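A quick note: this is a predicted structure, and the numbers were derived from the prediction, not measured. Letters A, B, ... mirror the listed sequences (proteins, then strands); counts begin at 1.
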Protein chains: 2
Amino acid sequence: MNIGDVAQKAGLPPKTIRYYEDIGLIAPLRDTNGYRVFRDSDLHKLAFLGRARALGFTIEDCRTLLALYEDDTRASADVKELAQAHLAKIEDKIAQLESMRGTLFDLVKSCAGDNRPDCPILSDLATGQH
Amino acid sequence: MNIGDVAQKAGLPPKTIRYYEDIGLIAPLRDTNGYRVFRDSDLHKLAFLGRARALGFTIEDCRTLLALYEDDTRASADVKELAQAHLAKIEDKIAQLESMRGTLFDLVKSCAGDNRPDCPILSDLATGQH
DNA sequence: CCTTGACCCTCCAGCGACTGGAAGCCCTAT
DNA sequence: ATAGGGCTTCCAGTCGCTGGAGGGTCAAGG
């Protein structure tokens, strides 16, 4: 398979796939013309990476996950720990965003949004007082 | 005021303040020795920026907000529109993270987390099937 | 046999919003 | 005179790609 085919099948842009090779996540073969040649195992890894990235794992997490995946003597506890730590980070981020959302929502609600200049949003930003 | 004082009062690192000057958000004066000299108005702007950034506005949004703040002929509608668009983006991000959180939570829950190798997290990543 | 167009290659630069570090000047206190 | 802290500039790195330039390769059609 050439890069275009794998890109299609894995749902990742060719650029991203080249990048993943650059940073050593995959190691496709090379044809005599210099073209990358992808085995099924490469496609499989790319799909794995795509799903892990879609769950928000960092590239380094993905590297670790791939290694764990390929190591059949792993302990599921190691995977769970990684996933749990990531889950905690996501929950933190959600909480942060929720808090922003709350404040912003109130501000937007309290702003007339007409063509007069008075604006509680700006006065809040200016003074930090609601 | 020197940069250290403003940094303290505005709750922003000196590096960030220098960066904000670099990109033209503020324009402090200069002492004969080359040190930045901050007026109250500079501190005020920095506090404004800090709060806007804490609400997740981008730097470019902040630039616009500052301009609106300084323009007393603005229409509050312009501010409201900006804030509303930002709110929408935040809500999108929250939804995305919630979706990740849901999947991850299920995966973590379903993983034994012992020292056996079987791991539903990895099999999900490998196959895309739950 | 030649051309066209779709692929593929590498390498470099840029995104956003800082942050770390090096190298060096300035100011105050002892 | 020196030690320390604070200030300056400039460059490089972060993360995960993404865009573009400049060029080689391949299969199909005329």
Do the side-chain N or O atoms of A/Thr16 get closer than 4.0 angstrom to the phosphate oxygens (OP1, OP2) of D/dG16? no

N or O in side chain of A/Asn33 less than 4.0 angstrom from C/dC8 OP1/OP2: no

Ignoring hydrogens and angles, does a donor from either the side chain of A/Tyr35 or the base of D/dG24 sit under 3.5 Å from an acceptor on the other? yes

In whole angstrom, give the distance that lies between atom CG of A/Leu49 and atom C1' of D/dC15. 16 Å

Can you name the nearest heavy-atom pair linking A/Ile26 to A/Phe38, along with the distance? CD1-CE2, 4.0 Å

Rounded to whole angstroms, how far apart are CG on A/Leu12 and P on D/dG16? 14 Å

Interatomic distance where OH belongs to A/Tyr20 and P belongs to D/dC15 [whole Å]: 14 Å

When rounded to the nearest 0.5 angstrom, what distance separates CG in A/Asp22 from OG1 in A/Thr16? 11.5 Å

Nearest 0.5 Å, what's the CD1-CG distance between B/Ile121 and A/Leu55? 10.0 Å

Gap between atoms OH and P, on A/Tyr19 and C/dC15 respectively (whole Å): 17 Å

Smallest separation among heavy atoms of A/Gly113 and B/Ser76, with atom names: N-OG, 3.1 Å

Using only side-chain N and O atoms of B/Arg36, determine if any of them is under 4.0 Å from OP1 or OP2 of D/dT8. yes

Listed nucleotide nearest any side-chain atom of A/Ile3, set C/dC9, C/dT19, C/dC18: C/dC9

Should B/Arg30 be listed as having a side-chain N or O under 4.0 Å from OP1 or OP2 of D/dT9? yes

Quickly work out the B/Ile23 CD1 to C/dC18 P distance and round it to whole Å. 8 Å

For the student: nearest non-hydrogen atoms of B/Cys62 and B/Leu49, plus distance: CB-CD2, 3.7 Å

Does a side-chain N or O from A/Arg53 land closer than 4.0 Å to OP1 or OP2 of D/dC17, or not? yes

Answer yes or no: side-chain N or O of B/Lys15 and base N or O of C/dG21 forming a donor-acceptor pair under 3.5 Å. yes

Could you check how far CD of A/Glu60 sits from C1' of D/dC17, rounded to whole Å? 14 Å

